[in-house]
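Let me begin by presenting the structure, written as structure tokens, before commenting on it.
In what follows, chains carry the letters A, B, and so on, assigned in the order in which the sequence lines appear, proteins first and then strands, with residues in each chain numbered from 1.
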Amino acid sequence: MPELPEVETARRALALDLPGRTVTEVRGRPVALRRPLEPERLARALVGRRLAAPRRRGKHLLLDVEGGGSLLLHLGMSGRLMLVSDPGPALAPHTHLVLRLDHDRELRLVDPRRFGLAHWLAPGEETHDPALSHLGIEPLDPSFPAIFPSLGRGRRASVKALLLDQRIVAGVGNIYAAEALWRSGLRPGRAAGAISCGRLERLARALQAVLEEAIAAGGTTIRDFAAPNGELGMFAFSLRVYGRDGEPCPTCQTPVLRTVIAGRSTFWCRRCQR
DNA sequence: CCAGTATCCTGCAGGC
DNA sequence: TGCCTGCAGGATACTG
């Protein structure tokens with residue numbers, strides 16, 4: 001579900017409320033997420049500590065604690081954070097972790113498919129954790145369009161696979177890869193290394209634009225994404241090809257294709273994308 | 001090293 | 001109506 005714009009939307013909502021709050025209680029069960037959730041370790045690390053401003057790295061959130069250490073969160077495919085007043089609504093099914101905060105608030109992690117992650121990073125562990133240490137460049141970094149073409153050099157895999165590879169670019173998923181490739185007129189299945197630098201730079205700029213627009217719209221809600229405050233993402237209305245197979249391409253009216261590239265559903269226009 | 005595939009898990013839509 | 005299949009916004013361990 002959540003790609004960079006959805007995680008950034010979540011971060012911004014949390015940034016309004018979390019800084020300065022103290023964690024008063026941690027509840028959870030040792031459920032098997034991507035890594036086993038360790039409620040007792042999280043409780044030892046978090047209870048009695050004040051939270052600082054949340055950070056984002058790729059699709060990860062980092063809830064820093066005053067005095068050092070961070071709660072590393074990843075929402076996987078179906079994860080969702082809820083920030084509710086306490087007592088809030090009944091716990092949603094698949095609520096794996098609850099942080100009670102002072103000032104009568106609760107932060108809940110809900111993740112039916114359990115591909116997500118909630119892991120305590122002690123001071124110093126952040127730089128070594130494999131979830132973070134292998135991440136590539138942030139696509140919203142101003143230097144990204146200049147650097148991206150060199151990252152594609154020599155690669156025989158598809159340009160779509162290049163965008164989805166978190167070790168190359170951190171935060172792009174299936175939706176925004178499709179939209180950026182359509183906007184830049186690039187065929188998703190083309191070998192990345194065979195594309196000119198100029199066109200890769202254009203792709204990088206298109207990706208920046210689509211990510212920024214999606215953040216401004218509060219992300220994309222297809223099925224169940226919502227910000228921690230419950231707001232739905234409005235960018236679904238702006239998707240041009242993702243999920244639109246058979247519908248006319250907004251530019252040329254040719255029906256949008258759905259094929260499988262890099263193991264994922266891929267939506268594109270055979271006429272506009274070369 | 002690189003690229004492609006299988007796998008983890010639940011929920012839901014669509015076909016019969 | 002109900003059952004079955006396939007597919008879903010991700011990451012990673014494995015294969016060749």
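Nearest to the side-chain atoms of A:Arg114 among the listed nucleotides B:dT10, C:dG9, C:dA11 stands B:dT10. The side chain of A:Pro112 has B:dG11 as its nearest neighbour among B:dG11, B:dC9, C:dG9. Of the candidate nucleotides C:dA11, B:dT10, C:dG9, C:dA11 has the atom lying nearest to any side-chain atom of A:Lys59. Taking the side chain of A:Phe115 as heavy atoms from C-beta on, and the options C:dG9, B:dC9, B:dT10, the nearest nucleotide is B:dC9. Proximity note for A:Ala157 (side chain, C-beta onward) versus B:dA3, B:dT10, C:dG9: the nearest is B:dA3. Side-chain atoms of A:Ser265 lie closest to C:dG9 of the nucleotides B:dT10, C:dG9, C:dA11.
Atom pair A:Arg80:CZ and B:dC9:C1' shows a separation of 19 Å (rounding to whole Å applied). Going from atom CG of A:Asp245 over to atom P of C:dA8 covers 10 Å, rounded to whole Å. Rounded to a whole Å, the CD atom of A:Glu3 is 13 Å from the C1' atom of C:dA11. Here the C1' atom of nucleotide B:dC1 and the CZ atom of A:Arg167 are 10 Å apart, to the nearest Å. Separating the CG atom of A:Asn174 from the P atom of C:dC7 is a distance of 14 Å, rounded to the nearest angstrom. To the nearest angstrom, P of B:dG4 lies 12 Å from CG of A:Leu164. Taking atom NE2 of residue A:His134 and atom P of nucleotide B:dC1, one finds them 12 Å apart after rounding to whole Å. Here B:dC2 presents its P atom at 12 Å from CG of A:Leu151, a figure rounded to the nearest Å.
Contact annotation: A:His94 side-chain N/O to B:dC9 OP1/OP2 distance is not under 4.0 Å. Of the side-chain N and O atoms in A:His74, one or more sit less than 4.0 angstrom from OP1 or OP2 of C:dA11. Residue A:Arg155 places at least one side-chain N or O under 4.0 Å from the OP1 or OP2 atom of B:dA3. Listed pair A:Arg264 / C:dG9 meets the phosphate criterion, a side-chain N or O lying under 4.0 Å from OP1 or OP2.
A:Gly263 comes within 4.0 angstrom of no nucleic acid atom, judged by non-hydrogen atoms across all strands. Contact annotation for A:Tyr242: backbone-only contact, meaning every heavy-atom pair under 4.0 Å involves sugar-phosphate atoms and none involves a base. Here A:Arg156 lies in heavy-atom contact (under 4.0 Å) with sugar-phosphate atoms only. If you check every strand for non-hydrogen atoms under 4.0 Å, A:Arg258 touches sugar and phosphate atoms only.
Under the Watson-Crick and G-U wobble criteria, each requiring two contacts below 3.5 Å, nucleotide C:dG9 is left unpaired. Checking C:dC14 for Watson-Crick or G-U wobble geometry (two distances, each under 3.5 Å) identifies B:dG4 as its partner.
Tested against A:Leu73, the residues A:Leu14, A:Leu63, A:Leu117 include a single side-chain contact (heavy atoms from CB on, under 4.5 Å) partner, A:Leu63.
One N or O on the side chain of A:Thr266 and one on the backbone of A:Arg264 form a donor-acceptor pair closer than 3.5 Å. A donor-acceptor contact shorter than 3.5 Å links the side chain of A:Arg41 to the backbone of A:Trp120.
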Practice task
Kindly determine whether A:Thr259 and A:Trp268 satisfy side-chain hydrogen bond (donor to acceptor under 3.5 Å, both in side chains), including the steps that lead there.
Solution key: CA-CA 8 Å; A:Thr259 62; A:Trp268 57 288; 3.0 Å; yes
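Using a 4.0 Å cut-off between charged side-chain N and carboxylate O, A:Glu213 and A:Arg183 make a salt bridge. Ionic pairing of A:Glu106 and A:Arg27 is present here: one or more N-O contacts between side-chain nitrogen and carboxylate oxygen are shorter than 4.0 angstrom.
Across B:dC9 and C:dC14, the matching P atoms stand 16 Å from one another, rounded to whole Å. Separation of the C1' atoms belonging to B:dA3 and C:dG9 is 23 Å when rounded to the nearest angstrom.
Nearer to the 5' terminus of DNA chain B, by closest-nucleotide assignment, is the contact made by A:Ala161 (compared with the other of A:Ala32 and A:Ala161).
No more than 12 heavy atoms of other residues, nucleotides or ligands shown are found within 6.0 angstrom of CD on A:Glu40.
Within 3.5 Å, a donor on the side chain of A:Arg113 pairs with an acceptor on the base of C:dA8, or the reverse.
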